[in-house]
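Reminder, nothing fancy here: chain letters follow the sequence lines and each chain counts from 1.
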Protein chains: 2
Amino acid sequence: MVTSEQVARLAGVSRATVSRALNGSPRVSAEARKRIEEAIVSLGYEPDVVAQSLVRQRSRTIALCLFFGNDDSTVLSRFGETQHYFYLDMLRDVEREIADAHYDLLLHSSSIAQNNYIRGLQMRHVAGILAIALNPTDARIQALVEAQIPTVFIDSISQGQNSTYVSSDNLDGSRQATEHLIQLGHRRIMTLLPGTNGPVGSKRRAGYCQALEQAGLPIDERLIYPAGWNTEEAYRATMALLRERQPRDFTAIVAGSDLMAIGILRAIHECGLHIPGDISVVGFDDVDLCRYTEPPLTTIRQDRSAMAQGAVQQLIQMIEADDQLEERQLSPIITPTQLVVRASTGPAVPLA
Amino acid sequence: MVTSEQVARLAGVSRATVSRALNGSPRVSAEARKRIEEAIVSLGYEPDVVAQSLVRQRSRTIALCLFFGNDDSTVLSRFGETQHYFYLDMLRDVEREIADAHYDLLLHSSSIAQNNYIRGLQMRHVAGILAIALNPTDARIQALVEAQIPTVFIDSISQGQNSTYVSSDNLDGSRQATEHLIQLGHRRIMTLLPGTNGPVGSKRRAGYCQALEQAGLPIDERLIYPAGWNTEEAYRATMALLRERQPRDFTAIVAGSDLMAIGILRAIHECGLHIPGDISVVGFDDVDLCRYTEPPLTTIRQDRSAMAQGAVQQLIQMIEADDQLEERQLSPIITPTQLVVRASTGPAVPLA
DNA sequence: CTGAAAGCGCTTACAG
DNA sequence: CTGAAAGCGCTTACAG
């Protein structure tokens with residue numbers, strides 16, 4: 001294991017000078033710099049990041065914190081569940097951004113209480129935190145905000161002195177989806193959404209309502225049907241819906257997400273109905289799978305790479321802005337959404 | 001930030017004793033231990049893992065290395081691609097196992113050359129490596145093996161002094177899938193598999209052939225059709241197949257994976273054929289989505305949690321077996337596979 | 001059983 | 001521009 005000591009010896013300088021050269025200090029002569037660089041190459045030296053972290057009291061590591069449930073102790077624990085499928089794609093972009101900035105990504109799993117959770121992060125000297133916390137009442141959110149470690153939340157609207165958030169324009173996306181159906185002649189449009197108080201669901205509900213209002217359509221509580229974010233719950237809810245409502249009182253469904261839409265499609269098929277012949281379905285997210293559903297799914301695209309890029313760049317900016325400007329204004333980043341029309345939506349057919 | 005110095009002062013002992021108590025050394029008196037524990041609780045002390053890593057020359061971090069392509073510089077870069085969907089589920093189990101053992105998971109992205117790749121891992125003092133390398137010729141595999149850091153590969157059959165692997169019984173799984181179709185009366189059974197030299201594909205091809213042989217059926221090269229692991233390529237291959245083969249010369253398809261099967265189903269639908277009425281399809285992996293395809297997919301289940309558990313436990317055992325026994329025999333772990341019958345397979349119908 | 005001391009590999013005021 | 005020295009927070013022989 002090559003150390004800076006060996007580099008210094010070979011270059012005929014002190015470790016201090018090697019360190020300065022490495023960290024781009026201007027106070028190093030050209031000759032010294034050259035000799036050091038040669039020594040580094042010939043020895044294959046690379047600085048020990050652990051030692052650097054210790055002395056700098058800060059690592060180049062960004063921790064990923066996912067709180068999908070209240071009890072998930074590991075970062076990925078809930079990632080197999082269909083409702084979180086969307087975030088995976090975004091994580092790819094997140095990792096690329098982080099790598100490009102020469103930071104590492106840590107999945108820090110702590111099965112302990114909240115204060116220990118934060119402490120674990122501090123003891124690892126993480127530089128910053130990227131958090132996706134779907135339940136706004138999760139106590140860890142507030143703990144994170146108070147910990148004063150630079151933090152960017154995705155899809156949670158928490159803000160603080162050292163934290164901000166990025167989110168899609170969920171309201172406008174849902175509005176577009178509903179408007180698309182209205183333009184196709186639909187008047188009785190269901191929406192399946194969780195009954196929780198999360199910001200994502202709330203905004204999507206609001207967008208749905210806004211589109212109806214703009215079109216002068218009434219907002220019927222019977223058209224807003226509760227279902228969890230996952231495929232199975234959406235499937236069950238739709239089955240229940242199709243059985244309860246005889247005769248059927250709707251011609252289209254705005255799904256809370258694409259993965260919910262997949263369950264909805266399946267239920268409609270099983271009841272012997274056609275899509276979009278009998279019922280039109282719109283998803284939300286535009287995950288890759290949308291192209292392979294039967295029929296291919298009309299949906300709302302979230303700009304995942306813009307979300308990831310915005311989140312990471314904002315985070316790194318916060319990390320590297322060592323000057324703690326009191327007046328710093330951290331404005332949230334809201335990325336646009338866009339309707340993608342495929343084959344699961346069509347003209348409304350009159351109800352029986 | 002509470003340090004061991006403060007704990008020592010409060011407990012009236014030296015830092016050395018605090019360290020011993022913390023690390024479970026027997027050479028600490030009961031009274032000292034008690035006072036130290038009280039001090040730790042009252043101060044909320046937690047050791048600095050960075051300092052520990054430096055002095056121990058080893059962190060409690062396990063790096064995740066995914067080499068899905070030859071050029072992926074980030075760990076997750078290829079995870080959005082359908083062909084790697086399966087590994088995500090396994091990663092969940094992997095993370096849980098790692099967390100339970102009180103290790104951290106690092107996604108180490110290095111966009112640099114191979115020797116720097118290894119060096120980056122060494123400089124971070126990672127304790128061990130979990131690697132999924134789908135291309136057996138990837139130079140990083142050999143570099144990893146030679147680096148002598150404890151490593152467990154998943155689905156690559158690399159072994160070395162400090163490395164071993166875990167894999168499903170791919171051959172037997174594919175054999176079961178094919179046998180299932182034979183029992184349903186199918187005689188002309190296609191298989192769609194990548195033409196690469198990866199161990200997973202090779203084993204699955206061998207299992208397919210073995211089932212045919214055991215049934216006394218000929219192995220027709222025209223029945224082994226090349227297609228990449230992803231949904232899109234499987235879709236395109238099937239479309240081409242259905243156009244080329246007029247009249248059609250097969251009644252069933254063994255897909256290389258579930259995500260390939262999804263593309264195959266879509267192509268069959270688009271050609272106006274029925275599943276399993278016209279063509280039966282079997283997948284491989286048993287991802288959650290199988291239940292939601294149209295029709296629900298018959299497939300081969302891989303025991304992901306057994307794979308994850310085997311991999312992590314083996315890895316940690318290697319890490320903590322500080323005694324480098326020369327005669328240590330690291331035997332690979334092969335987990336069983338199992339047929340899951342759903343609705344995409346049915347009796348063979350005679351070909352025109 | 002316990003403490004003083006050295007050391008892990010680096011960085012950074014402090015002098016010069 | 002450069003080096004000697006101190007220090008980041010811990011662990012571990014070495015004495016006692």
Side-chain angles (χ1 to χ4, degrees), chain A residues 1-37 39-40 43-61 102 119-127 320 322, chain B residues 1-37 39-40 43-61 102 119-127 320 322:
Chain A
M1 187 134 301
V2 186
T3 68
S4 68
E5 172 72 41
Q6 296 169 50
V7 174
R9 200 144 43 202
L10 184 58
V13 295
S14 70
R15 281 151 65 217
T17 303
V18 172
S19 177
R20 288 194 196 95
L22 228 53
N23 295 296
S25 161
R27 316 216 280 39
V28 179
S29 68
E31 312 95 88
R33 194 180 296 279
K34 182 154 169 294
R35 289 206 309 279
I36 291 167
E37 273 161 12
I40 285 174
L43 293 170
Y45 170 74
E46 188 130 343
D48 186 310
V49 293
V50 174
Q52 287 180 320
S53 300
L54 182 63
V55 64
R56 289 178 178 152
Q57 291 290 79
R58 166 181 294 168
S59 71
R60 286 189 76 86
T61 298
H102 298 289
R119 201 122 50 202
L121 256 9
Q122 289 171 331
M123 292 296 79
R124 283 163 182 79
H125 297 282
V126 303
E320 294 177 356
D322 29 19
Chain B
M1 188 136 298
V2 186
T3 68
S4 69
E5 172 71 41
Q6 295 170 50
V7 174
R9 201 144 45 201
L10 183 58
V13 296
S14 70
R15 281 151 64 216
T17 304
V18 172
S19 177
R20 288 194 197 95
L22 228 53
N23 295 296
S25 161
R27 316 216 285 30
V28 180
S29 68
E31 311 96 87
R33 193 181 297 279
K34 183 156 169 292
R35 288 206 309 279
I36 290 168
E37 273 161 12
I40 285 173
L43 292 171
Y45 170 73
E46 188 130 343
D48 186 310
V49 293
V50 173
Q52 287 180 321
S53 300
L54 181 63
V55 63
R56 289 178 178 154
Q57 292 290 80
R58 166 182 292 167
S59 71
R60 286 189 75 88
T61 298
H102 298 289
R119 200 123 50 202
L121 255 11
Q122 290 170 329
M123 291 295 80
R124 281 164 183 78
H125 297 280
V126 302
E320 294 176 356
D322 27 19

Reckon [X] has a side-chain N or O less than 4.0 Å from the OP1 or OP2 of [N]?
| X | N | result |
| --- | --- | --- |
| A:Y45 | C:dC10 | yes |
| A:S29 | D:dT2 | yes |
| A:S4 | C:dC10 | yes |
| B:Q52 | D:dG9 | no |

Is [X] touching bases, backbone alone, or none of the nucleic acid, heavy atoms closer than 4.0 Å?
| X | result |
| --- | --- |
| B:V28 | sugar-phosphate |
| A:R56 | sugar-phosphate |
| A:T17 | sugar-phosphate |
| B:V18 | nothing |

Protein-nucleotide distance ([X], atom [atom1]; [N], atom [atom2]), rounded to Å:
| X | N | atom1 | atom2 | value |
| --- | --- | --- | --- | --- |
| B:H125 | C:dG9 | NE2 | P | 7 Å |
| B:R27 | D:dA15 | CZ | C1' | 12 Å |
| B:D48 | D:dC8 | CG | P | 12 Å |
| A:Q57 | C:dA13 | CD | P | 14 Å |
| A:L22 | C:dC10 | CG | C1' | 10 Å |
| B:R60 | D:dC10 | CZ | C1' | 15 Å |
| A:Q6 | C:dC8 | CD | P | 12 Å |
| B:I36 | D:dT11 | CD1 | P | 12 Å |

Report the residue from A:L22, A:V2, A:T3, A:N23 that forms a side chain to side chain contact (heavy atoms under 4.5 Å, CB included) with A:P47. A:L22

Just name whichever nucleotide pairs with C:dA15, Watson-Crick or G-U, keeping both distances under 3.5 Å, else none. D:dT2

Looking at the side chain of B:T3, which of D:dC10, C:dG3, C:dG9 is the nearest nucleotide?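 Selected nucleotide: D:dC10.
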
Selection from D:dT11, C:dG9, D:dC10 that lies nearest to any side-chain heavy atom of A:L54: C:dG9

Closest nucleotide of DNA chain C for A:S19 versus for B:P26: which of these residues is on the 5' side? B:P26

Mapping A:V2 and B:A32 to their closest nucleotides on DNA chain C, which lands nearer the 5' end? B:A32

How far does [atom1] of [X] sit from [atom2] of [Y], to the nearest 0.5 angstrom?
| X | Y | atom1 | atom2 | value |
| --- | --- | --- | --- | --- |
| B:M1 | A:R119 | CE | CZ | 9.5 Å |
| A:Q6 | A:I40 | CD | CD1 | 12.5 Å |
| B:H125 | B:S53 | NE2 | OG | 8.0 Å |

If you assign A:R33 and A:R15 each to the DNA chain D nucleotide with the nearest heavy atom, which residue ends up on the more 5' nucleotide? A:R33

In whole angstrom, give me the gap between the P atoms of C:dT2 and C:dA6.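 Straight-line distance between the two P atoms is 23 Å.
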
For residues A:R35 and A:V13, determine if any side-chain heavy atom of one lies less than 4.5 Å from a side-chain heavy atom of the other.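 Heavy-atom side-chain distance check passes, below 4.5 Å.
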
Salt bridge check, A:E37 against A:R33: does any charged N sit closer than 4.0 Å to a carboxylate O? no

